[in-house]
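Any value given below was found using the heavy atoms of this structure, including those in side chains, with hydrogens, waters and symmetry copies removed.
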Amino acid sequence: MIKIIIADDHALVRKGLKQFILRDMPDTKITEVDNGNSLLKEVRASIFDLVISDISMPGRSGLESLKQLKEEFPKLPVLILSMHPEEQYALRVLKAGASGYISKDCVPDEIMKAVRQILSGRKYITPSIAERLTDNLGEDFSDKPHEKLSDREFEVLKLIGAGKTISEIGNIISLSPNTISTYRLRILEKMILRTNAELIYYVIANKLI
């Protein structure tokens, strides 16, 4: 029996995914969790054939969970399913060890194609992602300023772009305001920007939220 765990903070998304999978693979056992910490707890307690995880969840993000999973269970395949366009996160998650990245607005058949391909031992890479990988082969992908940021810095950038205060960001990702302020300064330096207003404009202009 194939065992899959789905991590997403929206119950409707989890139920929809479960329905798609069981329609094509009725013997599959599916576990649902709504955050990254619960995902890690379940994977540590049982054996799964595939993790399907959202990238934006409360507390520990999908990207953080992915990195921790690959450290502890390097052979466990992870499919990242996200509302964000693939150009924003695909290379980042693939470099972190994901077996595939797919947008939530794709058709169910495409999701099942990704699931089956990954379960067969292969990675799932769309043609557009393959092209970007080829373009960035042997290079640190940094054609845009935000791609120079670390994963945590990128997360803070998006939250600033969403209008969150330093304290709010600290509460969301469980870090102190001083630490968030340090990340903010690094972001400004790396992106050669000066103010929060410029960061917010950049995030909106580049459709990062």
Side-chain angles (χ1 to χ4, degrees), residues 1-10 12-25 27-36 38-40 42-43 46-57 60-141 147 151 154-155 158 207-208:
M1 176 182 288
I2 294 173
K3 295 179 64 178
I4 295 175
I5 184 167
I6 299 172
D8 195 292
D9 57 323
H10 295 97
L12 194 60
V13 172
R14 298 197 307 271
K15 300 303 181 186
L17 279 172
K18 185 175 181 179
Q19 182 179 349
F20 298 153
I21 294 170
L22 292 178
R23 181 193 64 187
D24 286 11
M25 303 163 57
D27 293 331
T28 304
K29 181 178 180 181
I30 297 177
T31 300
E32 299 178 40
V33 294
D34 61 5
N35 61 73
S38 295
L39 169 62
L40 289 170
E42 289 291 338
V43 172
S46 187
I47 296 174
F48 292 94
D49 299 292
L50 174 64
V51 173
I52 301 176
S53 176
D54 186 12
I55 204 164
S56 301
M57 293 185 289
R60 185 189 291 268
S61 71
L63 193 53
E64 286 182 287
S65 299
L66 167 64
K67 290 187 171 184
Q68 189 65 39
L69 285 171
K70 299 313 291 185
E71 281 186 16
E72 297 185 34
F73 310 95
K75 294 184 179 180
L76 176 62
V78 180
L79 171 62
I80 296 295
L81 184 67
S82 174
M83 63 179 288
H84 302 292
E86 62 184 25
E87 61 266 20
Q88 291 182 20
Y89 272 112
L91 295 185
R92 198 175 286 270
V93 300
L94 289 171
K95 285 175 178 285
S99 295
Y101 182 96
I102 193 165
S103 174
K104 286 183 179 179
D105 61 6
C106 70
V107 297
D109 286 347
E110 191 70 17
I111 294 175
M112 289 311 304
K113 178 181 178 183
V115 168
R116 289 185 176 281
Q117 192 159 308
I118 292 172
L119 285 173
S120 72
R122 297 176 292 161
K123 290 187 179 293
Y124 178 80
I125 299 175
T126 65
S128 59
I129 294 177
E131 183 177 353
R132 284 177 64 83
L133 284 171
T134 301
D135 290 342
N136 289 280
L137 192 62
E139 301 177 4
D140 182 16
F141 66 106
E147 292 177 339
D151 296 330
F154 184 56
E155 187 176 11
K158 290 181 60 184
K207 300 179 180 179
L208 298 182

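A pairwise comparison of heavy atoms in Glu42 and Ile5 identifies CB-CD1, 3.5 Å as the closest pair. A pairwise comparison of heavy atoms in Phe48 and Leu76 identifies O-CD1, 3.2 Å as the closest pair. Annotation for Ser46 and Lys3: closest pair OG-NZ, 2.7 Å, computed over non-hydrogen atoms.
For the pair Glu32/Leu17, no side-chain contact is recorded, criterion being any heavy-atom separation below 4.5 Å from C-beta on. Ser99 places none of its side-chain heavy atoms less than 4.5 Å from the side chain of Val78. Taking 4.5 Å as the limit, some side-chain heavy atom of Ile111 sits within range of a side-chain heavy atom of Cys106. Contact annotation: the side chain of Ile2 never approaches that of Asp27 to less than 4.5 Å [non-hydrogen atoms, C-beta and beyond]. Side-chain contact check for Leu40 versus Leu69: some heavy-atom pair is nearer than 4.5 Å.
Atom-to-atom distance recorded for Ile30:CD1 and Met25:CE is 8.0 Å, nearest 0.5 angstrom. Separating the CD1 atom in Ile52 from the CZ atom in Arg14 is a distance of 13.0 Å, to the nearest 0.5 Å. Here Leu22 contributes atom CG and Thr28 contributes atom OG1; the two are 6.0 Å apart, rounded to the nearest 0.5 Å. Rounded to the nearest 0.5 Å, atoms CG (Asp8) and NZ (Lys15) are 12.0 Å apart. Considering CD1 of Ile102 and CD1 of Ile125, their distance stands at 12.5 Å, rounded to 0.5 Å.
Between the side chain of Lys95 and the main chain of Ala90, no donor-acceptor pair closer than 3.5 Å is present. Side chain of Asp49 to backbone of Ile4: no donor-acceptor contact under 3.5 angstrom is found.
Of the residues Leu79, Leu39, Val33, the one that meets the side-chain contact (heavy atoms from CB on, under 4.5 Å) test with Val51 is Leu39.
Around the NZ atom of Lys113, the shell of radius 6.0 Å holds no more than 12 heavy atoms that belong to other residues, nucleotides or ligands.
With salt bridges taken as basic N to acidic carboxylate O contacts below 4.0 Å, one links Asp54 and Lys104. Using a 4.0 Å cut-off between a side-chain N of Lys or Arg and a carboxylate O of Asp or Glu, Glu147 and Arg92 do not qualify as a salt bridge.
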